[in-house]
Number of protein chains: 2
Amino acid sequence: MAQRTRADALSRERIVEAAVALLDADGERGLTFRTLTERLATGPGAIYWHLANKGELLDAATDSVIADALTAEPGVGSPQDEIRAVALGLFEAIDRHPWLSTQLAVQLSRSPWGTVTPRIFESIGRRVSALGVPEATWFTATSALVHYIFGAAGQNAANAQVLRFGGTDRAEFLRAAVDAWEGLDPGEFPFLKSIAGQVREHDDREQFLTGIDLILTGITAQGRS
Amino acid sequence: MAQRTRADALSRERIVEAAVALLDADGERGLTFRTLTERLATGPGAIYWHLANKGELLDAATDSVIADALTAEPGVGSPQDEIRAVALGLFEAIDRHPWLSTQLAVQLSRSPWGTVTPRIFESIGRRVSALGVPEATWFTATSALVHYIFGAAGQNAANAQVLRFGGTDRAEFLRAAVDAWEGLDPGEFPFLKSIAGQVREHDDREQFLTGIDLILTGITAQGRS
DNA sequence: ACCTGAACACCGTTCAAGT
DNA sequence: ACCTGAACACCGTTCAAGT
């Protein structure tokens with residue numbers, strides 16, 4: 001077959017874009033070299049000309065989506081407000097692209113200080129340094145926020161993935177989870193039983209932001225002491 | 001070949017034990033049905049008699065290691081001290097078994113309220129409810145702690161994995177990371193540059209616990225208001 | 001009931017060959 | 001320089017057959 005014309009030429013960006021679309025549509029198992037080459041009407045060798053391997057493709061897809069979420073900069077406000085806005089932007093990006101929850105962990109374990117973590121640290125940390133707490137606490141405070149964001153968004157994305165592919169709705173899903181605890185040895189999970197009502201009624205986004213506020217309160221309270 | 005004698009009979013537990021050993025030795029890619037059946041001197045069909053598929057095997061491995069970490073109960077102390085002890089136990093389990101960092105995310109996305117999350121919620125939450133803050137805040141406070149633990153331990157495990165298999169030591173690793181930022185566009189990462197020194201000298205475990213304290217401070221401060 | 005092991009479908013990756 | 005596509009090694013899983 002003839003070579004591609006300039007208009008439909010492959011590029012790293014076009015490949016990454018197609019990969020994100022496949023991941024969004026069908027989750028992690030939706031992206032294989034077969035589905036990808038079919039969508040791009042090419043062969044596997046063409047992909048390998050632009051990227052080293054599948055890991056690099058997944059890293060690039062992750063990085064592209066996270067970068068988008070971070071460049072939608074929040075309006076100017078107090079450092080607290082801006083931190084809330086950046087955190088919520090990440091939370092929503094992970095909600096829209098649930099495959100990120102697994103992928104962030106994988107990429108982290110491949111190269112912990114690759115490109116995503118520094119980007120997020122920088123965005124959050126810049127606002128932490130404007131909170132008026134001692135410089136010696138900046139790194140720890142930023143770490144606490146970033147780790148919380150990763151953990152909470154991961155849990156949320158996990159929920160989102162099950163809701164999207166599992167064929168159940170949110171109410172049914174939460175009820176099933178709570179029912180499962182109640183079926184457990186009653187003496188073993190007293191705390192979970194006591195908060196079952198709160199779990200059934202909570203709003204994920206709101207709870208996520210309350211957690212951010214909790215940490216912000218801790219940062220400024222410790223910074224003053 | 002003759003069937004196994006009772007002494008070396010297979011069981012779910014023996015299979016999970018072998019899987020954990022393989023994961024500890026060589027990370028995620030160390031566990032395949034080939035390596036597993038070789039180690040157990042059996043065939044793939046035998047594994048499938050005891051477990052439904054590889055996902056269930058990984059879930060069981062994860063669950064077994066986390067359960068171990070949580071049953072090493074801390075001595076009696078203030079709720080704060082006990083929360084610190086439980087958190088540190090999880091942190092160290094993930095440090096000893098770095099494959100958990102990826103696996104927790106994967107398992108979460110398969111069944112968010114499976115067996116690991118409730119166990120951890122219960123252990124942390126029971127102590128949160130002893131802090132003397134309003135019951136309405138228990139769920140959110142516990143979520144914040146658990147998500148922070150997941151996020152922070154994940155990052156730490158990622159570091160541990162690179163240090164173990166990457167052939168570099170910690171000082172070199174941190175220096176390389178910091179050097180990488182400094183090589184970046186100087187105007188793009190001013191915050192990271194400003195804390196480079198703190199990053200180079202920080203102790204992971206200590207920073208993790210400081211983050212726990214930060215959140216505990218936030219919980220009790222908000223609880224009072 | 002528990003295990004064996006050949007066979008299958010699918011995956012990421014390579015590479016000689018084309019333009 | 002960029003792309004094609006057959007071929008390869010490896011993986012998780014199945015299943016008819018054995019004890």
Side-chain angles (χ1 to χ4, degrees), chain A residues 1-23 25-62 99 102-103 106-107 109-111 165, chain B residues 1-23 25-62 99 102-103 106-107 109-111 165:
Chain A
M1 196 191 286
Q3 201 158 326
R4 286 158 177 281
T5 64
R6 197 149 296 184
D8 69 343
L10 276 180
S11 65
R12 205 183 140 97
E13 296 86 68
R14 281 200 55 221
I15 296 171
V16 171
E17 205 178 311
V20 170
L22 286 168
L23 288 165
D26 284 317
E28 199 121 354
R29 15 149 300 174
L31 175 63
T32 72
F33 273 80
R34 265 75 175 177
T35 58
L36 185 62
T37 52
E38 191 187 359
R39 192 186 181 99
L40 293 168
T42 182
I47 311 290
Y48 281 91
W49 176 260
H50 293 277
L51 292 139
N53 51 42
K54 194 178 182 184
E56 194 176 306
L57 175 58
L58 283 164
D59 284 356
T62 304
W99 48 272
T102 305
Q103 210 40 51
V106 172
Q107 184 177 352
S109 75
R110 229 193 327 259
S111 64
F165 299 114
Chain B
M1 196 190 287
Q3 203 158 325
R4 287 159 176 280
T5 63
R6 194 147 300 180
D8 69 342
L10 277 180
S11 65
R12 206 184 139 95
E13 297 86 66
R14 281 200 56 222
I15 295 170
V16 171
E17 207 178 310
V20 170
L22 286 168
L23 288 165
D26 285 317
E28 199 121 352
R29 16 149 298 175
L31 176 62
T32 72
F33 274 78
R34 265 73 174 179
T35 59
L36 185 62
T37 52
E38 191 187 3
R39 191 183 181 101
L40 292 168
T42 184
I47 310 291
Y48 281 92
W49 177 259
H50 294 278
L51 292 139
N53 50 43
K54 194 178 183 184
E56 193 176 308
L57 175 57
L58 283 164
D59 284 355
T62 303
W99 48 272
T102 304
Q103 210 42 51
V106 172
Q107 183 177 353
S109 75
R110 228 190 331 258
S111 65
F165 299 115

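Worth knowing before you read on, the calculation uses all heavy atoms, side chains too, and leaves out hydrogens, waters and symmetry mates. A, B, ... follow the sequence lines: proteins, then strands. Residue 1 opens every chain.
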*Asks:* Check the distance between C:dA1's P and B:L10's CG and give it to me in whole angstrom.
*Replies:*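 Distance, rounded to whole Å: 17 Å.
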
*Asks:* Once you round it to whole Å, what is the distance between P of D:dC10 and CG of B:L36?
*Replies:*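 Result: 18 Å.
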
*Asks:* I need the B:D26 CG to B:T35 OG1 distance, nearest 0.5 Å.
*Replies:*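 With rounding to 0.5 Å, CG (B:D26) is 8.5 Å from OG1 (B:T35).
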
*Asks:* Got a list of protein N/O to nucleotides 11-15 of chain C N/O distances below 3.5 Å?
*Replies:*
{"unit_1": "C:dG12", "atom_1": "OP1", "unit_2": "A:K54", "atom_2": "NZ", "d": "2.4"}
{"unit_1": "C:dG12", "atom_1": "OP2", "unit_2": "A:F33", "atom_2": "N", "d": "2.9"}
{"unit_1": "C:dG12", "atom_1": "N7", "unit_2": "A:R34", "atom_2": "NH1", "d": "2.6"}
{"unit_1": "C:dG12", "atom_1": "O6", "unit_2": "A:R34", "atom_2": "NH2", "d": "3.1"}
{"unit_1": "C:dT13", "atom_1": "OP2", "unit_2": "A:Y48", "atom_2": "OH", "d": "2.6"}
{"unit_1": "C:dT13", "atom_1": "OP2", "unit_2": "A:K54", "atom_2": "N", "d": "2.9"}
{"unit_1": "C:dT13", "atom_1": "O5'", "unit_2": "A:Y48", "atom_2": "OH", "d": "2.8"}

*Asks:* A quick test of your reading: do over 12 heavy atoms of other residues, nucleotides or ligands sit less than 6.0 Å from CD of A:E56?
*Replies:*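 Atom CD in A:E56 is crowded, with more than 12 foreign heavy atoms closer than 6.0 Å.
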
*Asks:* Please give me the minimum heavy-atom distance between B:A21 and B:R39, naming the atom from each residue.
*Replies:*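 Looking at all heavy atoms of both residues, the shortest contact is CB-NH2, 3.7 Å.
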
*Asks:* Any non-hydrogen side-chain atom of A:V106 less than 4.5 Å from a side-chain atom of B:V106?
*Replies:*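 Side chain of A:V106 against side chain of B:V106, heavy atoms only: no contact under 4.5 Å found.
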
*Asks:* Provide the closest heavy-atom pair for B:E28 versus B:W99 in the form atom of the first, atom of the second, distance.
*Replies:*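 Closest pair (atom of B:E28, atom of B:W99, distance): OE1-O, 4.2 Å.
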
*Asks:* Dot-bracket, DNA chain C: Watson-Crick or G-U, under 3.5 angstrom, [ ] crossing, | other strand?
*Replies:* ||.|||||...|||||.||

*Asks:* If I compare all heavy atoms of B:Q103 with all of B:R110, which pair ends up nearest, and what's the gap?
*Replies:*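 Of all heavy-atom pairs spanning B:Q103 and B:R110, the closest is NE2-NH2, 3.8 Å.
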
*Asks:* Could you pull out the closest heavy-atom pair between A:F33 and A:I47, with the gap in Å?
*Replies:*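 That would be CE2-CG2, 3.7 Å.
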
*Asks:* Taking atom P of C:dG18 as reference, at what distance in whole Å does atom CH2 of A:W49 sit?
*Replies:*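 Between P of C:dG18 and CH2 of A:W49: 18 Å.
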
*Asks:* Do A:R14 and A:L40 come within less than 4.5 Å of each other through their side chains, counting heavy atoms only?
*Replies:*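 In contact.
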
